[in-house]
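These notes are about the structure you will find just below.
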Amino acid sequence: MVQVMTQPEQVRHFTRERARSGETVGVVPTMGALHQGHLALVREAKRRADAVVVTVFVNPTQFGPGEDFDKYPRNLERDTELAAEAGAALVFAPEADVMYPRGEQTRVQVGGLSSTLCGRCRPDHFEGVATIVAKLFNVFGEGIYVFGRKDYQQLRIIERMAEDLLFPVQVVGHPLVRDDDGLALSSRNQYLSDDARRRALSIPRSLQAANAAYLAGERQVGRLREMVRGALTRSGVAIDYAALADVDSLREHEDVEQLGGRTLLAIAGRVGGTRLIDNMVLGEDEPPIVEPQA
Ligand code: AMP
């Protein structure tokens, strides 16, 4: 039976009891509206830890003004069922005033890694993410925390923060999970009309094409970026960025550069008002498989 808790003290009791019986705890932080991408993380946590917790919290501080905080899909009952089916023992679903007590003033900032890619378009986003994840680390303590590589930059920031602040945690990244048509699974895909979804498929399709060019020997940043940008623009995706970045530092390469080391191709774009992100490490990650455009 899955338990649902809303208070950090209840969670601490749960983790203490588990530790006493020699069990490890795995934690999967989410904003809910669970899909198969989240559930793959839960199963990964279950492989690595004895008891798995899913947290469901739509974190207000990581949304900017005018973003979709109010309309973000919320369905705790369904999320609890899905988390239980995937093997979770506990769902932690706190109210906002528990995670942000009245009068709160503290934020966690991770330097350079937060300033590139999504950091350029969503200025305070990663500060909100780092802050809430630091709070979750403090609520659950020692454990194995699983995050998806769908949010590659977020994962790198959390890894950095965990190391910098000496949190006694193990951070694990799980590969990005795609829907059957190739689109990266996201709670925000619910917002897409059929037409928007068709257009959104140009995102994974352009990753697939750029990866094929990379494998055929293309290393010029400008040419790879142009391939991606052209495909997205033709499908009516409003591009926030299409960038080639170093997998560790996330420094974005200039168009005139030739790729040397391991490279992340990361895309963020808006389709019919919905912001979508996707990425892959060129030549390493499983490329998306997407039908050619009709
Ligand atoms: P979210 O609920 O969108 O904040 O995501 C919660 C966690 O699930 C994050 O670690 C995400 O990276 C991960 N996640 C979301 N979608 C996917 C996906 N399609 N594949 C892998 N991980 C995902």
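Whatever order the structure lists them in is the order used to number ligands and atoms, beginning at 1.
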Rounded to the nearest 0.5 Å, what separates atom OH in Tyr241 from atom SG in Cys118? 3.0 Å
Mind checking the CZ-CD1 spacing from Phe126 to Ile157? Nearest 0.5 Å is all I need. 4.5 Å
Just to confirm my output: which protein heavy-atom neighbour is closest to [atom], and how far is it?
| atom | result |
| --- | --- |
| atom 12 (O) of ligand 1 | Asp151 OD1, 2.6 Å |
| atom 23 (C) of ligand 1 | Lys150 CB, 3.8 Å |
| atom 4 (O) of ligand 1 | Met31 CG, 3.6 Å |
| atom 13 (C) of ligand 1 | Leu41 CD2, 3.6 Å |

Near [X], which atoms of ligand 1 are under 4.0 Å from a heavy atom of that residue?
| X | result |
| --- | --- |
| Pro175 | 21 (C) |
| Leu185 | 16 (N), 17 (C), 18 (C), 19 (N) |
| Phe147 | 10 (O) |
| Leu176 | 20 (N), 21 (C) |
| Val177 | 18 (C), 19 (N), 20 (N), 21 (C) |
| His35 | 15 (C), 16 (N), 17 (C) |
| Thr30 | 2 (O), 6 (C) |
| Pro29 | 6 (C), 7 (C) |

With the threshold set at 4.0 Å, does a side-chain nitrogen-carboxylate oxygen contact exist between Asp181 and Arg197? yes
Do NZ/NE/NH1/NH2 and the carboxylate oxygens of Arg102 and Asp97 come within less than 4.0 Å? no
Checking contacts here: is it the side chain or the backbone of Ala33 that comes within 4.0 Å of ligand 1, counting heavy atoms only? Could be both or neither. neither
Honestly, for Ala40 the part within reach of ligand 1 (heavy atoms, under 4.0 Å) is neither
Show, in sequence, the C-alpha distance, side-chain angles and deciding distance for Glu257 and Arg251, and conclude whether the salt bridge (charged side-chain N to carboxylate O under 4.0 Å, His left out) test is met. CA-CA 12 Å; Glu257 287 180 60; Arg251 184 185 76 79; 3.1 Å; yes
Would you verify whether the NZ or CZ of Lys135 falls within 45 degrees of the ring axis of Phe140 while also being under 6.0 Å from that six-membered ring's centre? no
Cation-pi between Lys71 and Tyr191: NZ/CZ under 6.0 Å from ring centre and within 45° of the ring axis? yes
What pairs of residues pass the salt bridge (charged side-chain N to carboxylate O under 4.0 Å, His left out) test when at least one of them lies in residues 136-154, not counting sequence neighbours? Arg149-Asp285
Closest candidate by heavy atom, reference atom 10 (O) of ligand 1, pool Gly148, Gly173, Gly32: Gly148
Heavy-atom proximity to atom 5 (O) of ligand 1, picking from Gln154, Gln36, Arg178, His38, points to His38
Distance only, no hydrogens: is a donor on one side chain within 3.5 Å (strictly under) of an acceptor on the other, for Asp195 and Ser193? no
Of all residues at least two apart in sequence or in a different chain, which pass the side-chain hydrogen bond (donor to acceptor under 3.5 Å, both in side chains) check with Gln109? Glu127
